[in-house]
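To keep things clear, I will list the structure first and then write my remarks on it.
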Amino acid sequence: MKVTYPHMGNMAIGVKAMLEELGLEVVLPPPITKKTLTLGTKYGPEFACLPLKLNLGNFIEAYELGADTILMAGGTGPCRFGYYAYVEQEILRDLGINYDLLVLEPPERNIMEFIAKLKKITGNKSIFQVIKAIKKGFLKIKAADEIEKKVVFFRAREITKGATDRVWQEFLQNLNRAREEKEIEEAVNQAVVGLARIPVDLTREVLKIGVVGEIFTLLEPFTNFNIERYLGSLGVEVHRTIYLSEWVNDHLFLGFFKNYSRHKEIVKEAPPFLCHFIGGHGRETVGGVRYLKKQGFDGVIQLLPFTCMPEIVAQAVLPAVSEVAGIPVLSLVVDEHTGEAGFITRLEAFCDLLSFRKKGGNYGKRRIFGG
Amino acid sequence: MEKGVFLGVDVGSVSTNLVVINGEKEILKAIYLRTNGRPLVALKEGLRQIYDQIKEEEISGVGTTGSGRHLAALVLGADTVKNEITAHAVAASYLVPGVRTILEIGGQDSKLILLKDGVVTDFAMNTVCAAGTGSFLDQQAQRLNIPVEKFGEMALKAQNPVRIAGRCAVFAESDMIHKQQLGCNIEDILAGLCEALVRNFLNNLAKGKKLYDKIVFQGGVAANSGMREAFARILGTEIIVPPYFNVMGALGIALIAAFEWEKQPYKTMFKGFNVKDAELKTENFECQNCPNFCEVVKIYENYEVVGYLNDRCGRYSQMNNKKLAGIG
């Protein structure tokens, strides 16, 4: 069994560690590139959202490298993602690509089924070994999130462009290579030291923007034109409402680590604008705006793939939330277009808007813009 | 350093505009040219039209905006490069103090900008639809064999505007053809189309946002009196079309260059009017260093490379900065 799974940001590092600890052979798809997108849009249904197309491209590319089993998450909410694993398998079968499919449905619905599926992956490993593997995977994801949160601070303030990204890339490589818990710790420490050495301008006026929206477009930099890095280069500190480790803790560990995730706090802010679960991360998007305002952010960007139902519902509510909360919100739709110009124009204009707003009042009525 | 004049250049998909303002921010020259798919040619033509009236030494600053702003910045040696949303907002609040809402419809995109006390508070740009833009109007005028300049005038003559689906350019066109084959007269169809485009604009961009009064309508399409009237009727308020409505982006970026100069005088990086006669050439190649296969654009001026554009990782374009820094 050679297992593969779709890319989503830094997820690959953690899942790989876990599966390899369980003695499975992992064949990772190559990083998402235009080739992945081209394959996905060619074979995927036109009206499906970007994540499906990229998954599909991932699987085709991984098949070429010898993968034979897909491991994927399912879902039972209103979001179409719940069907994607099965639909993708069918499409691939039509192409003559035969994969075995293992879909992990959320354990909160049917814990027995979840355990049975898990057994297929774990084989006859002892419960102790399984826990050890899961722990290792989780530690890696957690480490990546921890460093990423620091990276955005330095990226917005670095004096030499790209210095932070070099540390970050090196850290990801070290993290990927780490075999023992101790090595993970070492990688983290090394990155912390590396970041601290970066020459920064601490007097720079830095904007803080929070990114909310659909999880895949939030976590996978390919889909969002690497928004965090781009905004970082404009001197903006970017935080998300969704980090993978928090999501894993909430949905796979059923909130095992108390107070680790901010999920409850975020969702609490959604009413009275949105009082129900509408699938995907719609409620988190709506709640995220007020949550971020309370945390002192200057603006919020919503990211969603074209045709994403939960996020479209959330988007319709956002003008009202934005007005009541008093924080500007920009919605950005991503799809298969690869031209960055429109995206960058909007981001630039949004940053202008936020910094004028932040300075607000200090300028006369006419001199607000250039001067 | 003495304050001279400032040149603003807006390289858009359909039109390329140049505006020159003096130190008092009075407009000395405003030029509107069709880009015709060749931004560099249009840019050179624009320079040719201003160079006999403006002395090169007088120029204190150059700004570029529009979708071709990076290309123009490399070629001209610009001091300020800014997005067109900010540029449009600056120009509108300069010409129409106290403006709260800007409706801007250009060749390939449309924007809605909301301001309060001269500060942009919100904006939207059409994302995936070309229905509400100048190019679509152009195309329909051509299909009906009407000069686009006459479009608005004819629409105003309508007695009973017909209803045209405005959600999508394809729906709108097939609806128009349907109505035309039913025998509706052209004026009513044109007026119906204007209303459809206005509805499309408001549905796609306003989306629940409140549009407050002093509403300014600008961009090339503001020349169309039919569109002006449709906006006024549907919004139920006066629509202001400022002078220079079709070169607002260029005016805005010229103003920004001037404001920046006032904040902190700088020495311009403008390469001079020789650019107008220079042999400008571009060449694309597909970078093979990673599977992104970026189509990198290499720009030559008289057979010398002046810069690179469109690489995701910055392998080539980071050389631009070094080069510009060297000049500056």
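Please read these numbers as outputs of a predicted model, since none were measured by experiment.
The contact between K82(B) and chain A is made by backbone and side chain atoms together, counting heavy-atom distances below 4.5 Å. L332(A) does not touch chain B: none of its heavy atoms, backbone or side chain, sits under 4.5 Å away. Contacts between T80(B) and chain A at a heavy-atom distance below 4.5 Å are absent for every atom of the residue.
Closest approach of P319(A) to K207(B), counting heavy atoms only: CG-O, 3.8 Å. Closest non-hydrogen pair, V329(A) versus D122(B), comes out as O-OD1, 4.2 Å. The two residues P328(A) and T121(B) have their closest heavy-atom pair at CB-O, 4.3 Å.
Side-chain contact between V120(B) and D352(A) is absent, with no heavy atoms from C-beta onward closer than 4.5 Å. Counting heavy atoms from C-beta on, the side chains of I85(B) and F350(A) never come closer than 4.5 Å.
Crowding of F171(B) atom CZ: a count of heavy atoms from other residues, nucleotides or ligands under 6.0 Å not exceeding 12. Applying the 6.0 Å contact sphere to CD of E286(B) captures more than 12 heavy atoms from other residues, nucleotides or ligands. By the neighbour-count criterion of 12 heavy atoms within 6.0 Å, atom CZ of R204(A) is densely surrounded, having more than that number from other residues, nucleotides or ligands. Counting non-hydrogen atoms of neighbouring residues, nucleotides and ligands closer than 6.0 angstrom, the NZ atom of K116(B) reaches no more than 12 such neighbours.
Residue F356(A) holds its CZ atom at 10.5 Å from CG of L115(B), rounded to the nearest 0.5 Å. Here the CE-OG1 distance, from M125(B) to T345(A), works out to 5.0 Å after rounding to the nearest 0.5 Å.
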* **Chi angles and distances behind the salt bridge (Lys or Arg N to Asp or Glu O under 4.0 Å) call for R69(B), E348(A)** => CA-CA 13 Å; R69(B) 61 184 177 278; E348(A) 229 184 70; 3.7 Å; yes
